[in-house]
Each structure stands twice: as C-alpha cells, then as structure tokens.
Amino acid sequence: MSTGTQDANGTTLKQRYDDVKSRIAAAARRAGRRPEDVMLVVVSKSGSVEQIRELMQMGQVDFAENRVQQLLQRVAQVDEWRARRAELGGSAPAVRWHMIGTMQRNKVKKAVEAVRLIHSVDSLRLAEEIQVAAAKRESPVEVLVEVNVSGEGSKHGVAPGAARHLVAQIETMVNVRARGLMCMAPLEGGVAAARPTFERCRELYEDIRQTGVGGERFNVLSMGMSADYEVAVECGANLVRVGGAVIGPPQVSEEPDEA
Ligand SMILES: *Cc1c(COP(=O)(O)O)cnc(C)c1O
C-alpha cells in the first residue's frame, strides 16, 4: 500500500502519521513540555516493509518489532534498500530498531546485534544473557526495565518494588546500560485505567532517577500505545510506541515466534 493509497477507513499512511505526530505535540504542550522531547517509535510489527520505507522517507527514524525473527528480516530488507539507494547516489535515510517483545534465550545474541534499544528486560537472567551476547560490541547495549505496574498476571515485567534493584544490578554489567523504564497499560479499562498506571510508572521512574542508581543516562520513560499515547505523554512519557494508529489495518499477520 503506497503513501497516497487510502485504506478501508479512508486515510493514508501519511495522514495517519501526521495525525499521530500532531497529537503527540499537542499532548506534550498540554503537559507543559516541548513536542521534540517526546520520541515517536513506530511499531511496525503489523505493517509492511514498504510502509517502513515510506515512513523513513517521511523522516521517521525509529521502528520497533516484538519478534526477533521478523526484526532481523526487516533489518536485512531495509539495509538492502538503503544500500541500493546509496549506490544510486541517493541519500539513505537513517533507521534505528527497537525490540519491544519477549526474547527467547536462543535469540538474544542476534537481537543484540541489530537493535538500538531493548525495551523488554524484565529479569536479571535476561540482562545477564544480554551482557554475555554483547561482549564483542564496542558500546553497551541500552535497555529499559519493563515494569508490570498494574500487576496483571498475564503481563511481563518486574514488580514495581523490584525495578530499582534490577536497574542497580544492570549497572554493574559492563556491556549493558539501563536507560529507563517501560510499561504497558492494563488490557482492560481503557484510558481510565491507563492514566493511574502511567502516573505510577512515572513516579517510580522519578524515584529511581533521584537515587542516581542509573546515572545521568537513565532518562527514558517508554509508555503509551495507539489507544493511550496521548494520556501517556500527559503523564510524562518521553517515548511512545505506536503501531496501529500509524500503520492502519494490519498488512502482515502476527504469528508467534516458534521456540
Ligand atoms: C504491539 C505493541 C505496541 C503497539 O501497539 P498498537 O496498539 O498497535 O499501537 C506497543 N508496545 C508493545 C510492547 C507492543 O507489543
């Protein structure tokens, strides 16, 4: 589907992208912050590679996937496209990849090579595996600690009370750096349930910052998806992960990674 093509709901990719960006900017202003202080990460998991390329040409740099396999596939496809453009004398737009889903142990190594930020670190064991996998890298792997603020059993993430300790443990690792926290709103309850969750996560984030345990670079608060990113920005998110609101109807099916 190309930029100018309308989806079933009558909007184009560009219209949706521009709309999300202006809503983020408005939410930031409502919260007394600058629009440029909130980073939009487009979650491309249900989008096509063509949409990713089109968004890159609109200036979007940060993309997220939740399955390692699809992430690696897309990194390769996009890199090939960038190389081809460069060969033809065009400029190759920048791209940065984020991992936002659960990672199986056997896929950590490959993921680590491809991503700028891993949002989904929720155990010491996973952090240790990243540490080992990153041994050969020149710079540390940057991660967020995923917090299960709402306490839902089905969700990943550490308990709020354990987040600070995990950050401290990560800070002892040479090849991993804790950059902040990530959380998700409860599955049920809509925006009304999202707000207190985001507020709680913001408080936790500020508490950890105040202790200084993550250092100066502990400065990322990743929260908010298509249904609740405006609320998240109002509550202090400086990174939002938006999929469907930009991508539109799913272009690829989401099958779970095989183990
Ligand atoms: C899929 C996903 C998103 C984006 O969800 P949308 O509702 O499509 O915006 C954000 N964060 C995580 C962790 C996800 O898995």
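The chain is numbered in sequence order, starting from 1. In each ligand, atom 1 is the first atom listed, and ligand 1 is the first ligand listed.
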Query raised in the report: Are the side chains of Leu221 and Phe198 in touch, meaning some heavy atoms are under 4.5 Å apart?
Result: no
Report task. Please verify whether a non-hydrogen atom of Met184 lies at under 4.0 Å from ligand 1. Result -> yes
Requested in this report: Determine whether the side chain, the backbone, both or neither of Val43 has a heavy atom under 4.0 Å from any heavy atom of ligand 1.
Outcome: side chain
Check each atom of ligand 1 against the heavy atoms of [X] and keep those under 4.0 Å away; list them by number with element.
{"X": "Val242", "value": "9 (O)"}
{"X": "Gly244", "value": "6 (P), 8 (O), 9 (O)"}
{"X": "Ser226", "value": "6 (P), 7 (O), 8 (O), 9 (O)"}
{"X": "Lys45", "value": "1 (C), 2 (C), 3 (C), 14 (C), 15 (O)"}

Side chain or backbone, does [X] bring an N or O within less than 3.5 Å of an N or O on ligand 1?
{"X": "Ala227", "result": "no"}
{"X": "Asn66", "result": "no"}
{"X": "Gly243", "result": "yes"}

Query - Stepwise salt bridge (Lys or Arg N to Asp or Glu O under 4.0 Å) check, Asp62 with Arg116 - result: CA-CA 9 Å; Asp62 289 273; Arg116 173 207 189 185; 3.2 Å; yes
Report task. Tell me, with the steps shown, if Glu65 and Lys45 meet salt bridge (Lys or Arg N to Asp or Glu O under 4.0 Å). Result -> CA-CA 5 Å; Glu65 290 284 336; Lys45 64 189 180 195; over 6 Å; no
Query raised in the report: Are Gln70 and Arg67 close enough that a side-chain donor and a side-chain acceptor fall under 3.5 Å?
Result: yes
Report task. Decide whether Asn175 and Arg137 meet the rule of one side-chain donor and one side-chain acceptor closer than 3.5 Å. Result -> no
Query raised in the report: Counting only N and O atoms by type, is there a donor-acceptor contact under 3.5 Å from the side chain of Arg241 to the main-chain atoms of Val43?
Result: no
Report task. Please report the C-alpha distance between Glu234 and Arg195 in whole Å, then the side-chain angles of each, then the deciding distance to 0.1 Å, and finally whether the salt bridge (Lys or Arg N to Asp or Glu O under 4.0 Å) criterion is met. Result -> CA-CA 9 Å; Glu234 286 171 14; Arg195 192 178 290 277; 2.9 Å; yes
